[in-house]
Chemist: 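Have a look at the structure that comes next, please.
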Amino acid sequence: MVRIGILISGRGSNLLAIGQAIRDRRLSGAEISVVLSNREDATGVMAARELGIQVEVVPSKGRERVEHDAQLIALLRRHSVDLVCLAGYMRLLSPSFTQAFPERILNIHPSLLPAFPGLEAQQQALQYGAKITGCTVHFVDEHLDHGVIVAQRTVSVEDDETVSTLSARILEQEHIAYPEAIQHVIGGQYEIHGRTYRRRSTEVT
Ligand code: GRF
């Protein structure tokens with residue numbers, strides 16, 4: 001069993017989608033071992049607890065990043081976490097964190113990276129006049145929204161689109177993309193060449 005640790009700061013819908021995929025066996029060979037939140041008031045904290053998932057709250061307000069991250073690393077190790085999934089974790093990670101889990105941290109971002117990194121990606125896409133946007137699951141490196149791309153799903157931008165309608169449709173795709181990408185990564189059938197994540201053919205000849 002691959003032990004997943006999920007980091008959140010807010011609503012937690014991606015965390016719940018991963019949990020649902022595990023229950024539906026769309027995501028197999030993995031379990032959520034722990035959820036870490038840097039905010040006690042995150043909606044996802046309560047939702048995860050209701051599902052019986054172990055949650056640890058590690059408040060980050062006013063704390064040095066490296067020191068806070070060291071506490072997260074220690075907790076993830078204590079829970080023997082193999083794969084870290086960021087799901088709406090609204091805090092930059094220090095290089096000490098990314099180095100502690102090399103090629104073992106995933107993030108989901110609500111745009112087709114490298115377009116519209118950072119905050120309010122859906123609003124950025126609308127304001128820019130993009131006709132197609134979507135979501136990206138990527139490995140996390142020391143730069144913001146930058147690591148190797150594992151998977152992307154597209155969403156077309158309609159003429160009467162608002163930030164909230166667009167965000168909702170992207171979120172639907174996120175909930176499909178994230179469990180699928182996790183399944184692929186934990187299956188190990190890939191190679192990374194430079195920035196390219198290449199799926200290995202599993203065909204038997
Ligand atoms: C999602 O849009 C995700 O792409 C972004 O933050 C949001 C988190 O939503 N990184 P939720 O907390 O998973 O509902």
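Please read these numbers as outputs of a predicted model, since none were measured by experiment. We count ligands from 1, going down the list as the structure has it; atoms in each ligand are counted the same way.
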Chemist: So, S9 and N38: side-chain donor and acceptor under 3.5 Å apart, yes or no?
Modeler: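 Yes, side-chain donor-acceptor contact under 3.5 Å.
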
Chemist: Taking the inter-plane angle between the rings of Y197 and Y190 on a 0 to 90° scale, is it parallel (under 30°), tilted (30 to 60°) or perpendicular (over 60°)?
Modeler: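 Ring orientation, 0 to 90° scale: parallel.
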
Chemist: Hey, does the Lys NZ or Arg CZ of R195 hover above the aromatic six-ring of F139, less than 6.0 Å from the centre and inside 45° of the axis?
Modeler: no

Chemist: Could you name each residue pair satisfying salt bridge (Lys or Arg N to Asp or Glu O under 4.0 Å) that touches residues 27-47, not counting sequence neighbours?
Modeler: R3-E31, R39-D41, E40-R49

Chemist: For atom 10 (N) of ligand 1, state which one of I108, L86, T136 supplies the nearest heavy atom.
Modeler: I108

Chemist: Would you mind running through ligand 1 and noting each atom that sits below 4.0 Å from a heavy atom of P110?
Modeler: 2 (O), 4 (O), 5 (C)

Chemist: Out of N14, I8, L119, who gets a non-hydrogen atom closest to atom 13 (O) of ligand 1?
Modeler: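 It is N14 that holds the nearest heavy atom.
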
Chemist: Angle class for the H143/H146 ring planes (parallel below 30°, perpendicular above 60°, tilted otherwise)?
Modeler: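 It falls in the perpendicular class, over 60°.
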
Chemist: For ligand 1, is there an atom lying under 4.0 Å from some heavy atom of G12?
Modeler: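 Contact check G12 vs ligand 1: positive.
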
Chemist: Between the side chains of S156 and E158, does any donor sit under 3.5 Å from an acceptor?
Modeler: yes

Chemist: Identify, by atom number and element, the atoms of ligand 1 in contact range of R11, meaning under 4.0 Å from any of its heavy atoms.
Modeler: 9 (O), 11 (P), 12 (O), 14 (O)

Chemist: Do N107 and ligand 1 have an N or O pair less than 3.5 Å apart?
Modeler: no

Chemist: Give the single entry among C135, A87, S13 that approaches atom 14 (O) of ligand 1 most closely by any heavy atom.
Modeler: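 It is S13 that holds the nearest heavy atom.
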
Chemist: Any side-chain donor paired with an acceptor under 3.5 Å for S94 and D69?
Modeler: yes

Chemist: Can you find an N or O of G10 that's nearer than 3.5 Å to an N or O of ligand 1?
Modeler: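 No.
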
Chemist: Measure the distance from atom 8 (C) of ligand 1 to every protein heavy atom, then report the residue, atom name and distance (to 0.1 Å) of the closest one.
Modeler: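 Nearest neighbour among protein heavy atoms for atom 8 (C) of ligand 1, to 0.1 Å: G88 CA, 3.6 Å.
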
Chemist: To which of Q173, H175, E174 does the heavy atom nearest atom 4 (O) of ligand 1 belong?
Modeler: E174

